[in-house]
Asks: 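Supplied in structure tokens, the structure appears directly below.
Side-chain atoms are counted along with the backbone in the values below, which use heavy atoms only and exclude waters and symmetry mates. By convention in this document, chain letters (A, B, ...) are assigned in the order of the sequence lines, proteins followed by strands, and residues within each chain are numbered from 1.
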2 protein chains.
Amino acid sequence: MAFRKNDEPTPVYYQLQVEIKNKIESGEWKSGSMIPPERVFTEEYQVSVGTVKKALSNLVNDGYLLRKQGKGTFVTGTSLRREQLRYYRLFNHFHDESPKIDVKLIDIQPVKGDKQINRYLNLKPSQSLFCVKRVLLTATTPLIYTVSYLPQHLFKELDRLPRDLFEKELFYLILEENYAVSTVSNQELIGAIAADEDMARFLEVEVESPLVSIEMLSYTYKERPYEYRLSYCQTRTRKIFREY
Amino acid sequence: MAFRKNDEPTPVYYQLQVEIKNKIESGEWKSGSMIPPERVFTEEYQVSVGTVKKALSNLVNDGYLLRKQGKGTFVTGTSLRREQLRYYRLFNHFHDESPKIDVKLIDIQPVKGDKQINRYLNLKPSQSLFCVKRVLLTATTPLIYTVSYLPQHLFKELDRLPRDLFEKELFYLILEENYAVSTVSNQELIGAIAADEDMARFLEVEVESPLVSIEMLSYTYKERPYEYRLSYCQTRTRKIFREY
DNA sequence: GCTCATTTGTTCGTATGTATC
DNA sequence: TGATACATACGAACAAATGAG
């Protein structure tokens, strides 16, 4: 299909940009794979190199593509799209080093849908979820207790995956590799609460201790939410770092 | 001064980009003002339009410039650089509307330097600070109690500014307009603490209530810190919203 | 180690369109 | 209307990185 000049007001490079973006978001061009070289676009759409370059360069800025001289143009995966998609960065002071974080899986269970959670995830109230409980720790000090909810229909047999996978790999990488869900954005609501007995046990603090609570929604392409997560953080030794 | 081709490996557009960025960061080209048109750069540096366009376009992406067809190229101010430099966005639930926030100034006082704070602000231990205490509230509900520290030598006579200015304008705008300090980035350390008597009084909560505590460092150009702020947030009705 | 084809990166120069005043 | 300024698009040439043979 060809572009017609002086027909519609939207620039040619932008139309091409949208077409490519759609192929990525629809999954036709998968995360990590190489897309056709500039030359192919110029021939197929009968436009100049500069126009193709502009479209591709914009998609690099938007985080969809990576280009490497001599190699080609590649679809960005979650970890490449955001160098720092470490949900939790923990520091004692500004300018500290971020410590290594270990993950302990508590359990994964299929659960019934919850009215509020299903609404956040754009699901019907009846649809079922998986509930994943984990503890994040440095050395032997537990720092964060997280409870994630994911739709069962998107993550089939999530509870059949080997348990140690969850303790070795980052959660969003597991989802990307096994279910081709690429993380594009996150929203958080941050609050403070007093620890209940569950939290106190997992985080090894006293009941009623002040904790940071984080409600998180993770989105994939097309602004589709795929995970609702509750996190509880004890911040006596390490605080949560954000930069913007 | 002219660029020589094939002399140094760094691209011409990048050299030009750095030169322009320096003029902005040094204050030679002030926030909001128009910079020379493309034509002037092409003549002065003997490069083509495309090269100038690339340099300028990169600085637009980095948030330093704004370009408007038919008008010109302008240096971005803090509020333009980041459409959402609202330090605190408060929500009950995801997708809520952000409420209007009022500010009540408690006091501004000159104080002696503090070892740790002065280190964060890259000051000698002896240099004095201003301490600004404020309460942020919606309607009549106090939400956040903040204590800011700013170096006296940068913000001369800050305590002489009319008090009601602090209750009408955003803090970073006051600093930008009166002291030409443009906010480029922020770092935060988020933790949870139990309210002490001061916090409890200002936030109208009970002593020992869990609060979110935020340590914030604000930076201007050249990664120079200019404000250290401690915030205490009661999050029973409104939570702190973050998106990334 | 060298050469060659492929692919992206940089730069030039030109022409035309469009928004602003 | 005209002058100015940025936006879009074309096409060409050469540079630089990569990988295969």
Asks: In whole angstrom, give the distance that lies between atom CD of B:Gln46 and atom P of C:dC12.
Replies: 10 Å

Asks: Grab the OH-P distance between A:Tyr14 and D:dA9 for me, whole Å please.
Replies: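 Rounding to the nearest Å, OH of A:Tyr14 and P of D:dA9 are 13 Å apart.
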
Asks: Would you call the rings of A:Trp29 and A:Phe41 parallel, tilted or perpendicular if under 30° counts as parallel and over 60° as perpendicular?
Replies: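 Taking A:Phe41 first and then A:Trp29, their aromatic rings stand perpendicular (interplane angle over 60°).
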
Asks: Hydrogens and angles aside, do B:Tyr45 and B:Glu19 bring a side-chain donor and acceptor to less than 3.5 Å of each other?
Replies: yes

Asks: State which residues pass salt bridge (charged side-chain N to carboxylate O under 4.0 Å, His left out) with B:Asp159; sequence neighbours excluded, sorted by chain then number.
Replies: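 Not a single residue meets the salt bridge (charged side-chain N to carboxylate O under 4.0 Å, His left out) criterion with B:Asp159.
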
Asks: What pairs with B:Arg163 under salt bridge (charged side-chain N to carboxylate O under 4.0 Å, His left out), at least two apart in sequence or on another chain?
Replies: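 Counting only residues at least two positions away or on another chain, B:Arg163 forms no salt bridge (charged side-chain N to carboxylate O under 4.0 Å, His left out).
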
Asks: Measure from CG on B:Leu16 to P on C:dT11 and round the result to the nearest Å.
Replies: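 Atom-to-atom, B:Leu16 to C:dT11, this comes out as 10 Å.
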
Asks: Within this structure, what is the NZ-to-C1' distance between A:Lys68 and C:dT6, rounded to whole angstrom?
Replies: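 Rounded to whole Å, this separation is 16 Å.
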
Asks: What orientation do A:Phe155 and A:Tyr179 show, parallel under 30°, tilted 30 to 60°, or perpendicular over 60°?
Replies: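 The rings of A:Phe155 and A:Tyr179 stand perpendicular, inter-plane angle above 60°.
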
Asks: Counting only heavy atoms and a strict 4.0 angstrom limit, can you tell me which residues of residues 49-58 of chain B come near DNA chain C?
Replies: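 Heavy-atom contacts with DNA chain C come from B:Val49, B:Thr51, B:Lys54.
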
Asks: Any N/O pairs under 3.5 Å between the protein and nucleotides 19-21 of chain D? List them or say none.
Replies:
from   : atom 1 : to      : atom 2 : distance (Å)
D:dG19 : OP1    : A:Lys71 : NZ     : 3.4

Asks: State plainly whether the residues B:Lys104 and B:Asp102 are in salt-bridge range, i.e. N to O under 4.0 Å.
Replies: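 No.
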
Asks: Atom CD of B:Glu43 and atom C1' of C:dG13: how far apart are they, to the nearest Å?
Replies: 15 Å

Asks: Would you say A:Thr73 reaches C:dT7's phosphate, i.e. side-chain N/O to OP1/OP2 under 4.0 Å?
Replies: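 Answer is no, no contact under 4.0 Å.
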
Asks: Check DNA chain D against residues 33-42 of chain B and give the residues with a non-hydrogen atom under 4.0 Å, in numerical order.
Replies: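 Per residue number, the list reads B:Pro37, B:Glu38, B:Arg39.
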
Asks: When the distance from CD of B:Gln69 to P of D:dA7 is rounded to whole Å, what number comes out?
Replies: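 Rounded to the whole Å, the gap is 6 Å.
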
Asks: Please enumerate all residues that pass salt bridge (charged side-chain N to carboxylate O under 4.0 Å, His left out) together with A:Lys53, with sequence neighbours excluded.
Replies: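 For A:Lys53 the salt bridge (charged side-chain N to carboxylate O under 4.0 Å, His left out) partners, ignoring immediate neighbours, are A:Glu38.
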
Asks: To the nearest Å, how far apart are B:Leu65 CG and D:dA5 C1'?
Replies: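 Whole-Å distance recorded here is 15 Å.
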
Asks: Picking from C:dT11, D:dA9, C:dG9, which would you name as closest to the side chain of B:Tyr13?
Replies: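 Of the candidates, C:dT11 comes closest.
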
Asks: Looking at OG of B:Ser57 and CZ of B:Arg67, how far apart are the two atoms once the value is rounded to the nearest 0.5 Å?
Replies: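 Going from OG on B:Ser57 over to CZ on B:Arg67, the span is 8.0 Å.
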
Asks: Could you tell me how far apart A:Leu59 (CG) and C:dT8 (C1') are, to the nearest whole angstrom?
Replies: 16 Å

Asks: Roughly how far, to the nearest 0.5 Å, is OH of B:Tyr149 from CD1 of B:Ile117?
Replies: 4.5 Å

Asks: Can you check whether B:Arg67 has a side-chain N or O nearer than 4.0 Å to OP1 or OP2 of D:dA7?
Replies: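 B:Arg67 to D:dA7 OP1/OP2: side-chain N or O found under 4.0 Å.
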
Asks: What verdict does the side chain to side chain contact (heavy atoms under 4.5 Å, CB included) test give for A:Lys30 and A:Val75, after you've listed the backbone C-alpha separation in whole Å, the side-chain angles of each residue and the deciding distance to 0.1 Å?
Replies: CA-CA 7 Å; A:Lys30 294 201 197 318; A:Val75 179; over 6 Å; no

Asks: Under a 3.5 Å cutoff, is there a donor and acceptor pairing between the side chains of A:Glu227 and A:Tyr172?
Replies: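 The answer is no; no qualifying pair exists.
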
